[in-house]
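What follows is a set of notes on a single structure, which appears directly below.
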Amino acid sequence: MARSGEMSIGERIKVLRQAKNLTQEELATRAGLTKGFISQVERNLTSLSVESLIGILDALDEKPSNFFNGAFEEKIVFKLEDRVDLEMEGVKGFQILIPAAQNRLLDPALLELRSGERTPEGEPHEGEEFGFVLSGSVELVLGGKAQKVKKGECFYYKATRKHYIINKLKATAVLLWVSSPPNF
C-alpha cells in the first residue's frame, strides 16, 4: 500500500471504511448517499462536495482534521485528478488545486465565472488574496469600489474590506485565485 502521503481522498475513505468493517452500502446509508456514489468516490471517478465529504467522515466517525493531517505532506506535484471541485454559492466552476490547504499558508484555486456569475461577498477577514486572470475579464469589487481586471492582469489586496468578483461580460472568465491564510 502507498504511504499515507501518496493516497488519494478516495483511497483514504476506502481504507477507513474497511478498517471499520463497513460495506459501501452501510457507509452510504449512514452518510445519506448512494452505494454507487461511494463506489465512485473510492475509485476517484467523481468529485466530492465539502458537504458530502463531511457526511462520509461523520459516518466513519473521523474528524476532518485527522483525515487530512499529514495526508499530503510529501506530495509536491499535484495532478488534474487531485483537484477538488466545490460549488461556491451558485458558482460551479471552482476547483481547489491543492487538497488539504488548511495545513498550508496558501490556498490556490481555479475559478471559472460564466457570464453574470459572481462569487459570494466575502466578509472582511485577516489575510490577503491574489488573482491572475487567465482568460476573459472580471470586475473586482473591494470595499464597494469596482475595478476591471483583464486577461493577463492580476490583483492583490488585504482582505480587510468586503469583496467579490463578478463577470459582467458574455465570455467565460478563468482566474487563478490564491488566498492566504486558506479560507476556501
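Side-chain atoms are counted along with the backbone in the values below, which use heavy atoms only and exclude waters and symmetry mates.
- Within a 6.0 Å radius of CD in Gln18, other residues, nucleotides and ligands contribute more than 12 heavy atoms.
- Side chains of Glu128 and Tyr156: a donor on one and an acceptor on the other come within 3.5 Å.
- The cationic atom of Arg83 (NZ for Lys, CZ for Arg) does not lie both less than 6.0 Å from the six-membered ring centre of Phe78 and within 45° of the ring axis.
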Let's go through Ile165 and Leu113 carefully: what are the C-alpha distance in whole Å and the side-chain angles of both, what is the deciding distance for side chain to side chain contact (heavy atoms under 4.5 Å, CB included) to 0.1 Å, and is it a yes or a no? CA-CA 9 Å; Ile165 299 168; Leu113 288 174; 3.6 Å; yes

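- A donor-acceptor pair shorter than 3.5 Å cannot be found between the side chains of Glu117 and Asn167.
- Cluster partners of Val141, by chain and number: Tyr164, Ile166. The rule joins Ile, Leu, Val, Met, Phe, Trp and Tyr whenever side-chain heavy atoms lie under 4.5 Å apart.
- Residue-environment remark: CD (Glu81) exceeds the threshold of 12 foreign heavy atoms within 6.0 Å.
- Side chains of Ser39 and Arg43: a donor-acceptor N/O pair is present below 3.5 angstrom, by distance only.
- A 6.0 Å sphere centred on NZ of Lys92 holds no more than 12 heavy atoms belonging to other residues, nucleotides or ligands.
- A salt bridge links Glu42 with Arg17: the closest approach of a Lys/Arg side-chain nitrogen to an acidic carboxylate oxygen falls below 4.0 angstrom.
- Classification of the Phe130-Phe155 ring pair by plane angle, with boundaries at 30° and 60°, yields tilted.
- The two atoms that bring Val84 and Leu48 nearest to each other are CG1-O, 3.9 Å, heavy atoms only.
- Across every non-hydrogen atom of Glu123 and His163, the tightest pair is O-CE1, 3.7 Å.
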Checking side chain to side chain contact (heavy atoms under 4.5 Å, CB included) for the pair Phe67/Ile13: CA distance, chi angles, key distance, verdict? CA-CA 9 Å; Phe67 181 78; Ile13 288 170; 3.9 Å; yes

Might you work through the side chain to side chain contact (heavy atoms under 4.5 Å, CB included) test for Val133 and Val138, ending with a clear yes or no? CA-CA 8 Å; Val133 180; Val138 296; 4.1 Å; yes

